[in-house]
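Read the structure below first, then the notes.
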Amino acid sequence: MELNTIERDDIGAAAENLVVPPAATRKVFVKTYGCQMNVYDSQRMTDALAADGYAATDAIGEADLVLLNTCHIREKAAEKVYSELGRIRELKAERAKAGREMLVGVAGCVAQAEGAEIIRRSPAVDLVIGPQTYHRLPGVLARARSGEKIVETDYAVEDKFEHLPQPKRAELIRRGVTAFLTVQEGCDKFCTFCVVPYTRGSEVSRPVAQIVAEAERLADAGVREVTLLGQNVNAWHGRGEDGEEWGLGRLLFRLAEIPGLARLRYTTSHPRDMDDELIAAHRDLPTLMPYLHLPVQSGSDRILKAMNRRHMAKDYLTLIDRIRAARNDIALSGDFIVGFPGETEADFEATMQLVEDVNYASAFSFKYSPRPGTPGAEMGDHVPEAVKDERLQRLHALLLKQQQHFGASLVGRTIDTLIEKPGRQASQKVGRSPWLQPVIVDEKAGEIGDIIQVRITKTGYNSLFAELA
Ligand code: SAH
Ligand code: SF4
Ligand code: F3S
């Protein structure tokens, strides 16, 4: 695309003469960054916009509204948004030349963290909306269409989930046989490296009745596997149908009763919130998949303390033992940060040792990224970039070896697979293993939504190949 020469004021002036498309022919392009909660939010925003006359499009060039749902977790994630906004600015100018309006909105965690600063840095942006106010999107858009620049980043007092429209059944069917369902938002833990408590606010749990109703709607639309989401999903709690206070374990037992729902998962969990009932759910609920993402971040007690994780490495290992005792085929996953301020070679070695001890089926490792406003960013003794790089490489190599080892251990075994979608090749379909790996099977192996038994024949980089058992 050619660089445009239209300056900010030209866009503003042109905007007054632009054709505003009538409702029902408007199109929205949504781009999602960051975690699964943003994926869920993007769907809910799309639903709210559908009720407001915006059809979703995959072609940014034909969009009347471009919405970026952003992530602030590491510097790279946040900066991606600004480079994307640079490209969008050119598109917007081209659309303006052609006489059509294109509104640009920034939602998600960068919106919440940076607010009006986004419009100062990227004047093409018309509206900035934080995660707690998505239900206000239609009203905000009406104002934006009349030329107002809007920053909406309050923590709304009303329950946004009560006010967000539900998608049509046909839309749920279109989205497939697996779905996300946010049950908890926000975080009160304040790990010293993390922006989430600031971008998502304090912990809020959705009520049981709301969650059950949404899960039932999903099941009715053919969804077989639901992943419950929360920044701290195992901190979820609520008043149950029996009047008692429920934790996530009880909620899982309740959701397992819904006809049609064959598989349940939840993510992301904090080690301090893994209570007995949740561990019991892993023991007693065949519907609960034997896979657990339980980030620990570091294996060094000193660093864990500086991170404000509020447990020691030994506590995590004991917890893992208890979980494995409840469900011996559980596969573990985690997150790691290398190069937190003050991390020595010995601290890093302790992380490597913890990884050896746990033996993960998969895991994510990141270089520490100082985030504005977090205590970590203010700490002294930052680790040089080259050292972070070198540690990340070593950790990554170890985790990759464990992941490949886990995949290889499944070869020859017969496992359940949920058939999810057509494969990249017409002769194949793609399923999902209980441990979240994609499973490539023959096209004739089953219908989408079926759970079938397959025998694993070999492993790919990230996936498994299987034949009908
Ligand atoms: N609530 C989850 C994590 C949510 S953030 C938990 O408590 O574990 C997802 C992951 O991003 C974190 O687990 C952490 O590994 C990583 N992360 C968060 N902030 C980071 C930072 N400043 N630099 C590098 N990685 C970070
Ligand atoms: Fe961030 Fe810690 Fe909260 Fe997880 S528990 S979201 S890492 S502050
Ligand atoms: Fe990113 Fe916000 Fe999720 S910062 S990881 S999108 S909660």
Side-chain angles (χ1 to χ4, degrees), residues 31-42 45 68-81 106-114 130-132 134 153 180 182 184-204 229-236 266-274 292-299 303-304 306-311 316 319 332-341 343 351 355 360 363-379 382-383 385 388-389 391-392 395-396 399:
K31 183 161 181 178
T32 309
Y33 303 81
C35 63
Q36 291 102 324
M37 304 208 49
N38 266 10
V39 174
Y40 177 82
D41 286 346
S42 287
M45 283 194 275
L68 303 183
N69 193 7
T70 62
C71 174
H72 202 246
I73 202 83
R74 284 169 290 273
E75 188 181 359
K76 250 195 203 144
E79 282 308 312
K80 252 189 225 163
V81 175
V106 176
C109 292
V110 177
Q112 190 64 43
E114 297 188 3
Q132 311 310 325
Y134 291 155
T153 51
F180 291 138
T182 293
Q184 181 278 338
E185 275 206 285
C187 181
D188 296 336
K189 297 230 169 19
F190 291 92
C191 302
T192 52
F193 52 82
C194 184
V195 292
V196 170
Y198 313 96
T199 63
R200 292 280 174 162
S202 51
E203 275 178 28
V204 180
L229 300 181
Q231 270 90 18
N232 264 296
V233 71
N234 56 348
W236 179 90
Y266 60 91
T267 198
T268 295
S269 297
H270 193 288
R272 281 182 55 103
D273 292 320
M274 283 308 293
L292 177 62
H293 184 67
L294 195 62
V296 63
Q297 317 298 352
S298 169
I303 296 298
L304 285 169
M307 287 175 162
N308 191 33
R309 294 292 288 184
R310 296 185 296 144
H311 66 77
Y316 182 80
L319 177 61
L332 288 158
S333 156
D335 291 339
F336 294 90
I337 296 178
V338 301
F340 186 78
E343 186 188 71
T351 299
V355 171
Y360 288 92
F364 304 90
S365 42
F366 309 101
K367 282 192 286 180
Y368 171 67
S369 167
R371 306 305 292 132
T374 60
E378 308 298 316
M379 290 177 186
H382 278 265
V383 175
E385 209 52 31
K388 287 188 200 170
D389 279 330
R391 288 181 189 163
L392 184 70
L395 177 59
H396 191 246
L399 290 168

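For reference, positions follow the sequence shown, starting with 1. Order of listing sets the numbers, starting from 1, for every ligand and every atom in it. Both backbone and side-chain heavy atoms feed into the values below; hydrogens, waters and symmetry mates do not.
- Looking only at heavy atoms of the protein, atom 4 (Fe) of ligand 2 is closest to Arg309 NH1, 4.3 Å.
- With hydrogens left out, the protein atom closest to atom 14 (C) of ligand 1 is Gln297 OE1, 3.3 Å, a heavy atom.
- Considering each of Pro295, Cys35, Cys191, the one bringing a non-hydrogen atom nearest atom 8 (S) of ligand 2 is Cys191.
- Aromatic ring pairs are classed by plane angle as parallel below 30°, tilted from 30° to 60° and perpendicular above 60°; the pair Tyr316 and His311 is parallel.
- Ligand 1 has at least one atom lying under 4.0 Å from a heavy atom of Arg309.
- Checked by distance only, ligand 1 and Tyr368 stay at 3.5 Å or farther apart across all their nitrogen or oxygen atoms.
- With a heavy-atom cut-off of 4.0 Å, Lys76 does not touch ligand 1 at all.
- Taking any N or O of Phe193, backbone or side chain, at least one lies under 3.5 Å from an N or O belonging to ligand 1.
- Those atoms of ligand 3 with a heavy atom of Gln231 less than 4.0 angstrom away are 7 (S).
- Looking at Lys388, its side chain does come within 3.5 Å of a backbone N or O of Tyr368 through a donor-acceptor pair.
- Look at Cys187 and atom 3 (Fe) of ligand 2: an N/O/S atom of the residue is under 2.8 Å from the metal.
- Checking only distances, His270 never comes within under 3.5 Å of ligand 1, N or O to N or O.
- Checking Lys367, His72, Glu75 against atom 24 (C) of ligand 1, the nearest heavy atom belongs to Lys367.
- No side-chain donor-acceptor contact under 3.5 Å links Gln36 to the backbone of Asn38.
- Any N or O atom pair closer than 3.5 Å counts here, and Gln231 shares at least one such pair with ligand 1.
- For atom 20 (C) of ligand 1, the protein comes within 4.0 Å by at least one heavy atom.
- Ligand 1 lies out of reach of Val196, whose nearest heavy atom is not under 4.0 Å from it.
- Proximity annotation for atom 4 (S) of ligand 3: of Arg200, Gln36, His72, His72 comes nearest, heavy atoms only.
- Near Cys71, the atoms of ligand 3 lying under 4.0 angstrom from a non-hydrogen atom of the residue are 1 (Fe), 4 (S), 5 (S), 6 (S).
- Among the atoms of Cys109, an N, O or S atom is found under 2.8 Å from atom 2 (Fe) of ligand 3.
- For ligand 1 and Arg74, the ligand atoms under 4.0 Å from any heavy atom of the residue are 11 (O), 16 (C), 17 (N), 23 (N), 24 (C), 25 (N), 26 (C).
- Every N/O-N/O distance between Asn232 and ligand 1 stays at or above 3.5 Å.
- Scanning the protein heavy atoms around atom 1 (Fe) of ligand 2, the nearest turns out to be Cys194 SG, 2.3 Å.
- The proximity of Ile73 to ligand 1, defined as any non-hydrogen pair under 4.0 Å, involves the side chain as well as the backbone.
- When the heavy-atom distances from atom 7 (S) of ligand 2 to Phe190, Phe193, Tyr198 are ranked, the shortest goes to Phe193.
- Which parts of ligand 3 touch Asn38 is read off a 4.0 Å heavy-atom cut-off, strictly below it: atoms 6 (S).
- In terms of polar-atom proximity, Asp335 is counted as a contact of ligand 1, with an N or O under 3.5 Å from an N or O of the ligand.
- Judged by distance alone, with hydrogens and angles left aside, the side-chain atoms of Ser269 form no donor-acceptor pair with the main-chain N or O of Asn234 at under 3.5 Å.
- Between Ser269 and ligand 1, a contact under 3.5 Å exists for no N or O pair.
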